[in-house]
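What follows is a short report on a single structure.
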Amino acid sequence: MSLETAIASLCQATRRAARKLARASLPQIDAALEEIASELDARREEIYTANRVDLEEGRKKGLSAAMLDRLAIKPETLDKIISGVRQVKGLSSPLGAVMREWTQRDGLRIRQLRVPIGVIGIIYESRPNVTIDAAVLCLKAGNGVVLRGGSEAFNSNRALAACLQAGLFRAGLPQEAIQILPTTDREAIGILCRQSDSIDLLIPRGGQGLIETVAAQARMPVIKHYNGICHVYVHAQADPDMAEKIVLNAKVQRPGVCNAVETLLVDRETAAEFVPRIVARLRAEGVEVRGDVETRAFGGEAVLPATEADWSTEYLDLILSVRVVGGIEEAVDHVERYGSHHSDTIVTRNETAARRFLAEVDSATVYWNASTRFTDGEQFGFGAEIGISTDKIHARGPMGLEELTSYKYVIEGTGQVRE
């Protein structure tokens, strides 16, 4: 059997399973989620063993420390994954919710109801926890899902997928409702993009190359989870202690995630005082600082020269580009030119400046006096997330359960006909 035929067959099986899943009761779906959590707990050693194989292969391939951190499944990581499954189980289901309803003058009653999308294909890189997060959210929203994880996490993802399917089986639901492509062949991505008869929506999560490939080749709608070129703008009237705390949290806590800051913008009025201070703190945390001419003048030899490419680079590492700007207009212009419309924040005591930044920066999430690291489904109260959408249609920002549904109109009459 060719790879194309195998993937088409797998997607068709998921399509059939999704139709059965759409008829399942909420208690049955919740029972499956509990069984999945139990399977993950019972199969810990299998998961750790598979993950060690991936980590060893990753080291041989020269993956960065940040990438290996994203790949690793530690006991506390698995604890959080299991907790996340149960958190999703506890969320209210959006299915069947009445979004709007009204009665026409002729007596027709019209309701707009939330329903599953159908089958969702998710293509992602590195982080194996996405396998569980994506699958259980799709399941709770009544969708079938076809997963294609990165080759670097192949063994980990297969071990996790086995838990997902076992949980479905134990709850009496079709195992084919959640499937993972059993190949590392890159050709599989293009094949998946052609399965428009079986897949209703594709969601790519990863680097620029992956996103552009999927967007160009997909024959079905795509919601892009683009790279996170996030900014912190320290305004002239910022509290320096607060600004330092936010910058360090946004860059250092977990540099390898999409909501970590990649560029710091400092207002010229405060640069002489703030730049030396923040550069010293960043260097103490092991951060490589790259700056423009003014930043280097204030920060000294500890600051390496920034290139034009730095302003549009997602480092996913302990590297930060820093630029001095001449006020809020220049800061907003920089974010709009170089950013990825993911997460951007202003630090200031000035409400007028903050409101302008919040209004003019066209990103999925914008902040005032808070770290970009809060752009996360769990932090927003959505439970686990499918990812952070940087698109503007249907879903934007952290994608939770509601963003994994569509809707239909249900019309009830008493014999009305159109004149």
Side-chain angles (χ1 to χ4, degrees), residues 11 14-34 36 84-104 108-122 130 132-147 164 167-168 171-174 176-178 196 198-203 205 220-225 364-365 376-413:
C11 293
T14 304
R15 186 76 176 179
R16 292 190 295 270
R19 293 185 65 186
K20 296 178 182 177
L21 189 63
R23 298 193 294 268
S25 66
L26 178 58
Q28 195 172 15
I29 289 175
D30 284 344
L33 290 167
E34 183 57 41
I36 288 168
V85 175
R86 291 191 167 118
Q87 186 177 14
V88 170
K89 174 191 169 187
L91 295 174
S92 297
S93 172
L95 297 177
V98 178
M99 300 168 66
R100 292 187 293 166
E101 63 179 321
W102 65 96
T103 301
Q104 295 288 81
L108 281 179
R109 183 189 179 200
I110 303 174
R111 289 180 295 155
Q112 185 184 29
L113 304 179
R114 288 200 180 276
V115 296
I117 289 173
V119 177
I120 299 175
I122 302 175
V130 175
I132 300 298
D133 291 350
V136 299
L137 277 170
C138 287
L139 175 60
K140 182 78 176 188
N143 299 297
V145 61
V146 177
L147 304 164
L164 291 163
L168 287 169
L173 294 175
E176 296 83 4
I178 299 174
S196 55
S198 303
I199 295 178
D200 298 289
L201 173 69
L202 268 184
I203 302 176
R205 294 184 52 168
M220 65 287 285
V222 174
I223 295 179
K224 297 184 289 295
H225 292 247
T365 60
D376 176 90
E378 184 177 356
Q379 294 295 319
F380 278 25
F382 299 162
E385 67 181 30
I386 214 78
I388 312 296
S389 170
T390 51
D391 277 346
K392 297 185 182 182
I393 298 174
H394 173 65
R396 197 177 193 196
M399 282 188 67
L401 289 175
E402 287 192 0
E403 288 74 28
L404 292 171
T405 63
S406 182
Y407 57 83
K408 67 180 178 183
Y409 290 97
V410 175
I411 301 96
E412 297 178 18

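For reference, positions follow the sequence shown, starting with 1.
- Looking at L168, L404, V145 one by one, the single match for side chain to side chain contact (heavy atoms under 4.5 Å, CB included) with L139 turns out to be L168.
- Rounded to the nearest 0.5 Å, atoms NZ (K408) and CE (M99) are 13.5 Å apart.
- Distance alone, capped at 3.5 Å, is enough to place a donor-acceptor pair between the K140 side chain and the L91 backbone.
- The shortest non-hydrogen separation linking P94 to E402 is CB-CG, 4.2 Å.
- The two residues I122 and A134 come nearest to each other via the heavy atoms CD1-CB, 3.5 Å.
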### Candidate pair I178 and V136, rule side chain to side chain contact (heavy atoms under 4.5 Å, CB included), full reasoning
CA-CA 9 Å; I178 299 174; V136 299; over 6 Å; no
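- Residues satisfying the side-chain contact (heavy atoms from CB on, under 4.5 Å) test with A18, not counting sequence neighbours, are V119.
- Of the inter-residue distances, the one linking K224 atom NZ with I203 atom CD1 reads 12.0 Å to the nearest 0.5 angstrom.
- Contacts of R19 classified as side chain to side chain donor-acceptor pair (under 3.5 Å), with partners at least two apart in sequence or in another chain: none.
- Residue M399 is tested with I386, L137, I388 for a side chain to side chain contact (heavy atoms under 4.5 Å, CB included); the sole match is I386.
- With rounding to the nearest 0.5 angstrom, the CD1 atom of I411 is 6.0 Å from the CD1 atom of I110.
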### Residues L113, V98; criterion side chain to side chain contact (heavy atoms under 4.5 Å, CB included); working and verdict
CA-CA 5 Å; L113 304 179; V98 178; 3.5 Å; yes
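- From T405, atom OG1 reaches atom CD1 of I117 across 6.5 Å, with rounding to the nearest 0.5 Å.
- What you find for I199 and I120 is that their closest heavy atoms are CG2-C, 4.4 Å.
- Between A171 and A31 the shortest heavy-atom distance is CB-C, 4.1 Å.
- With sequence neighbours excluded, the residues forming a side chain to side chain donor-acceptor pair (under 3.5 Å) with R86 are E34, listed by chain and number.
- The two residues L147 and A135 come nearest to each other via the heavy atoms CD1-CB, 4.3 Å.
- The CG atom of L95 sits 11.5 Å away from atom OG of S25, with the distance rounded to the nearest 0.5 Å.
- Taken to the nearest 0.5 Å, the OG1 atom of T14 stands 7.5 Å off from the CD atom of E176.
- Although no hydrogens or angles enter the test, the distance criterion places a donor-acceptor pair under 3.5 Å between the side chain of S389 and the main chain of A395.
- In terms of heavy atoms, L26 sits closest to S93 at CD1-CB, 3.8 Å.
- Side-chain atoms of Y409 and R100, non-hydrogen and from C-beta on, do get closer than 4.5 Å to each other.
- Looking only at distances, no side-chain donor or acceptor of R15 sits under 3.5 Å from a matching main-chain atom of G118.
- In this structure, N143 contributes its side chain and P116 its backbone to no donor-acceptor pair below 3.5 Å.
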